[in-house]
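Okay, so here's the structure we're looking at.
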Amino acid sequence: MLARVANNLFWMGRYLERTEHIARYLNVNYFSSFDAPNETSQSRQFVLNSIVRMVDDDPEKETVLFEKKVLFDAALNDEKIFSIKSYFRMARDNASSARDMISTELYESINKLHHYINNYSIEYFTERGLDEFTTYVSKAVSQIKANIVTTMMHDDTYAIIHLGINLERATDVIRIIDTKYKDALSVQNETDFATSYEWTILLKCIQSFDMMKRHYKKAPTSKNTLDFLILNPECPKSVMSCLNNAKCQIDYLNKNHHSLSSAFLIGKLRAKYHYKRINEIEIGFDKFIQEIISELDEICISIEDELFKH
Amino acid sequence: MESKKILPIFSSYKTNPVFYDEIFKNDKEIRDTYGELFKLFNEYKVDDFKLLNEKAKLSFLNQGITFQVYDKTTVEKVFPFDLFPKIITADEWDHIESGALQRSKALNLFLYDVYHKKQIIKDGIVPIELISSSENYLDQMNGLEPPGGIYNHISGTDVIKHSDGEYYVLEDNIRCPSGVSYVVSNRVALKRAMFGVFNNYPTCPVANYSENLLEIMQSVKPAGVDIPTCVVITPGIYNSAYYEHSFLAKSMGIELVEGRDLFIEKDFVYMKTIYGPVKIDVIYRRIDDAFIDPLEFNPDSVLGVPGLFAAYKKGNVTLVNAPGTGVADDKAIYTYMPQIIKYYLNEEPILNNVHTYHCSRPKELAYVLDNIDKLVVKPVDESGGYGISIGNKLTKEEIEKVKAVIKENPRKYIAQPIMALSTHATFIDEKQCFEPRHVDLRTFTLLGKDKEFVLKGGLTRVALKEGNLIVNSSQGGGSKDTWVLKR
């Protein structure tokens, strides 16, 4: 496989995953807040702030946020690099550059969503289209990922795409955890931090609420939620599960390389969290977030150097 | 001849006796070949047909079967597709196929001669001025032996049906003829939309083009290579024909590369893969000669590969089509095709040539300047319908402008009588009915070492504007599925 095309496929996977997470985050965070048990969690400013902090790495420091603008920026503003529209355009551009390598069904599903997003009325979206739009996008991305599994050869192409998806998923899950963790902290004067409603929203943002309940048979708390989303290898969206999958994919690619540093780095990170307890993470939460983001970045840079720069 | 009732969807169909209409013999009679097809169309109401049409368009858009046009920003467009197919009988096709193959073979021999002994010039058949003054003639190709002796591996021959019912060749395209992806896509779209239509028409497949193209590429592998690595090279995703490039690579199962994916080492070509460099043996290049190698041709090119031509000269890589083929699809050379065919193959041309006036010849120039209103003036080295002036559509001022342009550089222009391109039933969205529109047909011929193939079908291009004779997509044309009937 061409190094350039591998790069395209890796980023196609990353942007697909990122698009899905933002769409779901917008939907769940916005709609879950209406009947939140405490006043702050119900407040529009609180919800909008949470959205801005999740999607934008460097948000402008505005005292008052305007709902239509925040939602438009996060979803359909093509001048904002973090919008769903921008991320999906990049996913589609990368898919186009690797079009000869991917199945017709996969490309068609990507292209169809691209046209849906591009043709979606901005006016309708900001008035009453948020649920329709974000639900459609989430489902369509799931369909696209199903097409990757069912219509692509499970070879190095597949490994590269899923490497991108899993490393992006780990990063997005961490970002969402970080945002909701801070949301929970900011409402702790109204509600107990450990049993905050924000943990429920967090789990729903990552499509893990039902399975977490099934697993623990308890209401969400800070401890069981973080344990489930970070360390539980059976939760398909957990950081641990993403690292396990990424390890399988890099090992597949390593068969022909034998000495990829990226394989070593992924293995090392996986081992680190395999033996981690949630108490250790909770004690130094900010440090954990910074460390794991930096470790995931290091892995991505290493993959880029070793596989995409020939 | 059976007289058939005209359907409402055809109620405003008016044939023009000046043109050969492929469907109707006159306003009342339908040609035999299309009889069954009419029965089927009879089952559709206008609204049903509109819906089918919309579905077909949406399907092309969703699949990304599009081309890009530049109008301040890049716009992605669906190549307009008409659901009413062109039908060619087996006998008629035999004539077209043998004629297209004959021309391709003759052009290949001509190219070999032009870049070697130049015997046809010495024998006074083709004037040397036409060769030496051609912008597409490449000195660098002199004396080179292309693998398998093939220059024009892929030829696109544009033919029309004139008012006399005979096929004429409008031009030969042997640089990078495009459009074959639409031939295959149109067939898929028509099968999906109107599957019933095929029941009464045993039609030759077109999906076998790619496997034949790959075999042709493999047949011209460099000496000493056992199993060649073949690739398609594209200028990139923003090229107007990118869909076609990716289609070709995907349908052959080979890599689609860009210039930046390749590098040259010791006159061998390599592509950069995730597992390190992989040697390449055959390149189907969809980049013009001027841009394939900045060291040899246009130094500003960022699309090509520095050193590629040196690797080609050494025989370490095969380029499909060979560089320098443009000298033979120059429209001034076209005039000599009957003589070229006779000279190399000792055969009479199977397909007719359109009479052509060379503006480089003083007497013919004088005729052209006096009769522009009756002629089509074409630049010799352009493609895509660019630069063409159709005399009877020009105002007096425009005629004077065309005259001035020709006088400035007579070698650059030829002129032909305005050919009466046949008309074909085409659904017109705005009028919600079928009307006659002018069509031509691009055929695709492949030549390899000891192998040849003509795609049984082709791209029927249709000028969607009423009365327009230019069918190119860049000029607002559309296309139709083309059925070659089995015996």
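Source: prediction; values computed, not measured.
Using a 4.5 Å cut-off between heavy atoms, B:Leu256 touches chain A through backbone and side chain atoms alike. Heavy-atom distances place no part of B:Val278 under 4.5 Å from chain A, backbone and side chain included. Both the backbone and the side chain of B:Glu258 come within less than 4.5 Å of a heavy atom in chain A. For B:Ile254, the part lying near chain A is the backbone, with the side chain staying farther off; criterion is any non-hydrogen pair under 4.5 Å. The parts of A:Asp93 that come within reach of chain B are both its backbone and its side chain, each placing non-hydrogen atoms under 4.5 angstrom from that chain. Using a 4.5 Å cut-off between heavy atoms, B:Phe263 makes no contact with chain A at all. For A:Thr104, the parts sitting under 4.5 Å from any heavy atom of chain B are the backbone and the side chain alike.
Within a 6.0 Å sphere centred on NZ of A:Lys272, other residues, nucleotides and ligands contribute more than 12 heavy atoms. The neighbour count for B:Leu295 CG, taken as heavy atoms of other residues, nucleotides or ligands under 6.0 Å away, is above 12. When the shell of 6.0 Å around NE2 of A:His154 is examined, it contains more than 12 heavy atoms from other residues, nucleotides or ligands. Remark: A:Tyr124 OH is packed, more than 12 non-hydrogen atoms of other residues, nucleotides or ligands lying under 6.0 Å away. The environment of B:Lys279 atom NZ is dense: over 12 non-hydrogen atoms of other residues, nucleotides or ligands sit within 6.0 angstrom.
In summary, B:Glu76 and A:Arg92 engage in a salt bridge, as defined by a charged side-chain N under 4.0 Å from a carboxylate O.
Ranked by heavy-atom pairs under 4.5 Å with chain B, the first of A:Leu113, A:Asp156, A:Asn7 is A:Asp156. Ranked by heavy-atom pairs under 4.5 Å with chain A, the list B:Glu255, B:Met252, B:His245, B:Lys250 is led by B:Lys250. No other option in B:Gly64, B:Gly236, B:Ala249 has as many heavy-atom pairs under 4.5 Å with chain A as B:Gly64.
Rounding to the nearest 0.5 angstrom, the gap separating the CD1 atom in B:Ile237 from the OG atom in A:Ser97 is 4.0 Å. Annotation: the span from A:Glu105 atom CD to B:Gln63 atom CD amounts to 9.5 Å, rounded to 0.5 Å. B:Ser59 contributes atom OG, which lies 10.0 Å from atom NZ of A:Lys112 (distance to the nearest 0.5 angstrom). Once rounded to the nearest 0.5 Å, the distance linking CG of A:Leu2 with OG1 of B:Thr273 reads 7.5 Å. The CG atom of B:Asn62 lies 13.5 Å from the OH atom of A:Tyr116; values are rounded to the nearest 0.5 Å. For the atom pair A:Met1 CE and B:Ile274 CD1, the distance stands at 4.0 Å (nearest 0.5 Å).
Of the possible polar contacts, one joining the B:Tyr242 side chain to the A:Ser96 backbone as a donor-acceptor pair under 3.5 Å is found.
Using a 4.5 Å cut-off on side-chain heavy atoms (C-beta onward), A:Asp100 and B:Phe247 make no contact. Using a 4.5 Å heavy-atom threshold, the side chains of A:His115 and B:Leu61 count as touching. B:Arg260 places a side-chain heavy atom less than 4.5 Å from the side chain of A:Arg4.
Taking each heavy atom of B:Tyr243 and A:Arg99 in turn, the nearest pair found is CD1-NH2, 3.2 Å.
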